[in-house]
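Structure, as structure tokens:
Note that this is a predicted model, so its numbers are computed, not measured. Proteins come first, then strands; the chains are lettered A, B, ... in the order of their sequence lines, and each starts at number 1.
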Amino acid sequence: MTECIKLCASNKYNDKRVAYLGLMILVDETEEILMLMTNCLKQDLHNDELQIVSLALNVLGDIASVEMVRDLLPEIEKHLLSQNPYIRKKAVLASVRAVRKLSQEETTNILHHMPHVLDTSSPAVHISVTALVAALCRQSTTNIVELRSSVAPILLNILREHLLKKGRGSGIETVIGGVRNPFLQVKIIASLRLLFESSPPSDLTEHLSDVLAQVAANTQTKKVAGCAVLYECVRTIVSVQTDPSLRVLAVETCAKFLTHREPTVRYIALQELTTIIDADGIGVLTHVSGLKEKVLGAMREADPTVRKRAVELGYRIADGTNIEEMVEELLAYITKSNSHEAKEDACWKIFMLGDRFGSSDVWKVEKFVRALSSADLSMPEDIITSFIALISANPEVQGHAVLTLFTEALAPKMMGGLHEDVDPFQGSRSSNIVPENDSGSTATSLRKPRLERVALYVLGEHAEVTPSIGLDIPVVLNAFAEKLQASEVTDEPWMNTYKPEYLTENRILGETALTGLVKFAARAVCGASSDMPESNSILALAGPEHGPDKDPLQSLLAITAPPKRKANEDLGLGTDLLAELGLDDNKPKALQAGPSSALVTTPDLLGSSLSGNSGALVSLGPEADESANPIVSRVRQILFERARSTDLEIQQRACEYLMLLNDGSISLLASAMAPMPPLDFESVKERARQRKEMRTAMPKPQAEGQGGLLLDLLGDGGASGEEPLGLPASGGGDFLALPSSQSNANGTDDMTLEDIMGGPSQSVLPGPSQNVGFDLESLGAVPTVSLEAQASASGTGGGSGNAAILSTTIFESGSLHVSAQFYRDDSPKSEEILLELSFANKTDFSMSSFVFLLAVPKYMKLDMRPASASDIAAGGKASQAVVLSNSLQGHKPIQLRYRVEYVNDSTAEHVQEQGIVAGLEAL
Amino acid sequence: MVLPRTSKMCNVVDRADEKVVYKRYASLYFVACTDRDDNELLTMELLHMFVEVLDSYFGNVCELDLIFNFTRSYWVLDEIFISGELQECSKAAILAAAQASDAAAEPVPEFGPRSMQPPQSKSSARRR
């Protein structure tokens, strides 16, 4: 680079040329070294040699920094009025850069020069000027107004003359594809669009309409160049307030494009039609026949770019008549596309369309399940929640939903199991912990954790419909067992691609499956004891099936003998279990959570679980024999496997459920496992939609990751009591599990006891009401934990508090409350911290021009995303996301200074507050 | 991003807040990165024009011409675009300008192929 700088000063043109080229390629405007060139450029700009001046202007236009442009502005302006079009056009483009870099005040001269600059016959200069017009328009709206009167008429004239010049073209005139200089036409039309976009109709817009009509009439669509010009016309017609007849013309042109043989032109047509519909409503399309068919056809194209536009457009033109085809195409689109975003988007579209035009709830269920099946991990959680709400609110679709989900998610693999004549009640084959590699890899493509989760949840929640749709209980139970098994597998190669997602997904799946299973069993068992006719039929159905070959003890023996590899681990966990259960016994808190009958059995269970680990099952015998009900014994058997799970959360739950299943606690079981109250579908749906809009309006920063998701989920469950199971509960569980497992590893006694105490006593009774309370509790606990507490926790727990979420109040006054939530992704060493600021206006007046600024020390980096609003209404709120990264994480603390500025709307008073954000040491 | 696409697909690919417009000439791809609201069809025409100019400048241009004379192709490019904006739409004018500046210079010292070459034998006309 220094060589280049040296060469610049050379007198030889050739040297300069190479030097400047090198600089343009090697350097960008942020390099300090560019400053060295300013003088050199200045001299070159005053050079008599045309070539050298042009070279210097090139450099200015391409890489000049703010300071350089400012210093050299007088020279640029001088050359703007050069008689030589070659120099003038380069000066124009150099001033484009000046306009982009500098403020409006500094570039007023350029604005005033505009009419003179345009006073030439050179199309090259005209084209360059259009770029300058665009830059000026972007700089400020007052520029637009000025340019509209000064420049627009000239541009219109140029365009008109250009059209009239037919046949008189000189040698240097460019004709491409039968269109005279499409570049000039497109550029002028585009800049006219910028000028008139927001203007009221006037004489000039009428002129514009005339000219556009002329252009459209004179241009052929056969070649790409012609299409380019027409496309620009269409865009201008749509965004400028033009004649209605012109708009019809625009739509017709687009429709013509749709059948063009060039794919890019079709792509453009789709995109443009979408814009037109957004601007004018669907009515504009009525007079174009066959459009819908064409769009449906385009959705089938091989090219993802085109498909995406077609889906957008298709979504907008869908109505009651073509909904069926449209959804089919969307489903196919989900299957075909590779990108997560595209799938997610399509899921939303199906959801919205189904909601608006769907014929019946059964239909909606059908489509949802298919969408879920093909999108799976890309299916947004919000839609799943809405779907579950839909089912729970409509008893008549429950049976159908359960059956469809079962066949879609669980049945295929069950079939395989049945063909091999594996007795459902001796499903020990699937219980061997490590599946063989072959079966593992075939299952990979089939694994659909999210679909499975929904299926298992719905199955558990609406178990009472199972008999009416002819599902065998043992088969269902086996499905549960299999999914539980699958949810424990964490190291298969196929998971690597989406590893974090699959891991969380798997874990949630496991928890959902457990709860679903117990709920399912509870329905069956409790129904029987209360003599409900439905449940009797369950028993009747289930009874003969497994009566003869029932030998729970034997199957238990087969299953619980642990593989040697895991023995040590299991022993360790067994001790944990001992600690937990022992504590439960002593804790009054636990007693309060459930009737003592649940706890009487504890030693029994404890003994059995421990003996299970050591391979002897003596004490289990009586327990298994006690239960005459085969369903319960099978469930217990499945749970028992999970009681040795390496996942603390699952293990814990399994143990708790095992206790619930003891005969003495049947009544407790019934109440604990009562079905969720039906959700209000409309409100859930509405919320889902709002959240989606929020998300699209304010795209969440990537860094947020898991932490954000968890918080989101927690917030939902706690705030509304709505519970798509597994989600909020497991979210809470994660927070609980995290410190306890970490402190286990650290071996600090006090912490461990405390955490374990906290764990089981809260979730001994995972009934619905309890769950909600639990969520509220954890929700309340997390944000309100004071910074000191967090700090001390991290002190004693050996840094285990590091990954925790902190929340703090940054600023509080009578009128404004600013609070912040900190979180970071899983690794505690991560440098990046996400900060979510929320601002609450506590006054009775609105605040405008609200600005929140943060300052950080040099070793930190700060990336502030735009705030959700700059005006906050009275009592209103706004938020803003910030990404902090501390390059000296662990060595230097995070330090923040803030400043808040806003204008009090009632008094027009400018308020400013600043200070230091305190209490960040724990980060 | 561009390479796996077949000739039947359209010449535009979405890329974050920009679009990538490309054109393929035998084994050479010419790729331009444009703003979201730019006219894609026009960009295609511009790429074509660039190629035509290169063609007449080098006389039946081929990949090797671009590799060994990348400086020249950059100069030609400089005559068409400045900071991503079109400055000249007439092929003849571009050619004349390029040749005039060549004439003003002594024979250009030959630079061998270096790391700053256009990627994957693509000449990328990056617009802003």
Side-chain angles (χ1 to χ4, degrees), chain A residues 12-14 17-18 21 24-26 49 51 54-55 57-58 61-63 86 89-90 92-94 96-97 100 123-124 127-128 130-132 134 171-174 176-177 181-184 186-187 190 224-225 227-229 231-232 235 262-268 301-306 308, chain B residues 5-15 19-23 35 37-46 48-49 52 70-72 74-75 77-94 96-97 100-109 111 114 116-117 128:
Chain A
K12 280 196 212 151
Y13 172 69
N14 198 25
R17 186 153 96 132
V18 174
L21 177 64
M24 281 193 268
I25 292 173
L26 293 174
E49 192 71 54
Q51 300 287 354
S54 91
L55 213 49
L57 284 171
N58 258 3
D62 276 341
I63 53 169
Y86 181 69
K89 73 184 181 195
K90 296 205 175 201
V92 169
L93 290 173
V96 168
R97 191 169 188 91
R100 282 185 198 149
I127 286 188
S128 315
T130 59
L132 186 52
I172 56 163
E173 189 72 71
T174 317
I176 293 177
N181 201 342
F183 306 111
L184 181 63
V186 169
K187 292 283 174 186
V224 173
C227 291
V229 175
Y231 168 46
E232 208 57 46
R235 279 170 33 151
E262 182 74 38
T264 317
V265 178
R266 293 202 294 272
Y267 156 88
I268 287 196
E301 283 211 29
D303 184 344
T305 325
V306 174
K308 188 176 162 205
Chain B
R5 297 171 64 85
T6 64
S7 60
K8 282 200 180 147
M9 296 183 169
C10 74
N11 301 40
V12 187
V13 191
D14 289 314
R15 176 179 174 275
K19 283 177 182 166
V20 171
V21 183
Y22 69 93
K23 245 184 145 174
D35 279 358
D37 51 355
D38 271 347
N39 188 327
E40 298 89 342
L41 298 174
L42 195 76
T43 313
M44 281 169 68
E45 285 303 322
L46 284 171
H48 185 66
M49 186 177 78
E52 281 186 339
F70 71 95
T71 47
R72 284 165 188 271
Y74 272 116
W75 282 319
L77 192 60
D78 279 342
E79 293 300 328
I80 305 179
F81 299 108
I82 291 183
S83 82
E85 299 293 348
L86 182 65
Q87 61 159 322
E88 178 60 73
C89 55
S90 153
K91 274 178 273 182
I94 298 167
S101 59
D102 279 352
E106 268 106 341
V108 187
F111 279 80
R114 282 217 304 231
M116 63 181 89
Q117 261 166 46
R128 231 185 321 144

Determine whether B:Asp78 and A:Met24 make a side-chain contact, defined as any pair of heavy atoms from C-beta on separated by less than 4.5 Å.
yes
Under a 4.5 Å cutoff for heavy-atom pairs, which residue among A:Gly61, A:Ala134, A:Ala94, A:Ala190 has the most contacts with chain B?
A:Gly61
Would you say that B:Glu85 contacts A:Leu132 through its side chain, given a criterion of any heavy-atom pair below 4.5 Å between the two side chains?
no
Atom pair CG/OH of B:Asn39 and A:Tyr231 - distance to nearest 0.5 Å:
6.0 Å
May I ask you to test the A:Thr130-B:Leu86 pair for a side-chain heavy-atom distance under 4.5 Å?
no
Between A:Ile268, A:Val224, A:Val265, which is the residue that forms a side-chain contact (heavy atoms from CB on, under 4.5 Å) with B:Glu40?
A:Ile268
Where on A:Gln51 is there a heavy atom nearer than 4.5 Å to chain B: the side chain, the backbone, both, or neither?
side chain
Would you confirm whether A:Arg97, through its side chain, and B:Ile82, through its main-chain N or O, come within 3.5 Å as a donor-acceptor pair?
no
Do side-chain atoms of B:Asn11 reach the backbone of A:Thr264 as a donor and acceptor pair under 3.5 angstrom?
no
The interface call for A:Glu49 against chain B, heavy-atom contacts under 4.5 Å, is neither
Which atoms of A:Lys90 approach chain B - backbone, side chain, both or neither, heavy atom under 4.5 Å:
both
Exactly one of A:Val96, A:Asn58, A:Leu57, A:Ile127 should register a side-chain contact (heavy atoms from CB on, under 4.5 Å) with B:Gln87. Which one does?
A:Asn58
So B:Glu88 and A:Phe183, do their side chains get closer than 4.5 Å, heavy atoms only?
no
For the CZ atom of B:Phe81 and the CG atom of A:Leu93, what is their distance to the nearest 0.5 Å?
11.0 Å
Please find the pair of heavy atoms, one from B:Leu42 and one from A:Ala228, that lie closest to each other, and give the distance.
N-CB, 3.8 Å
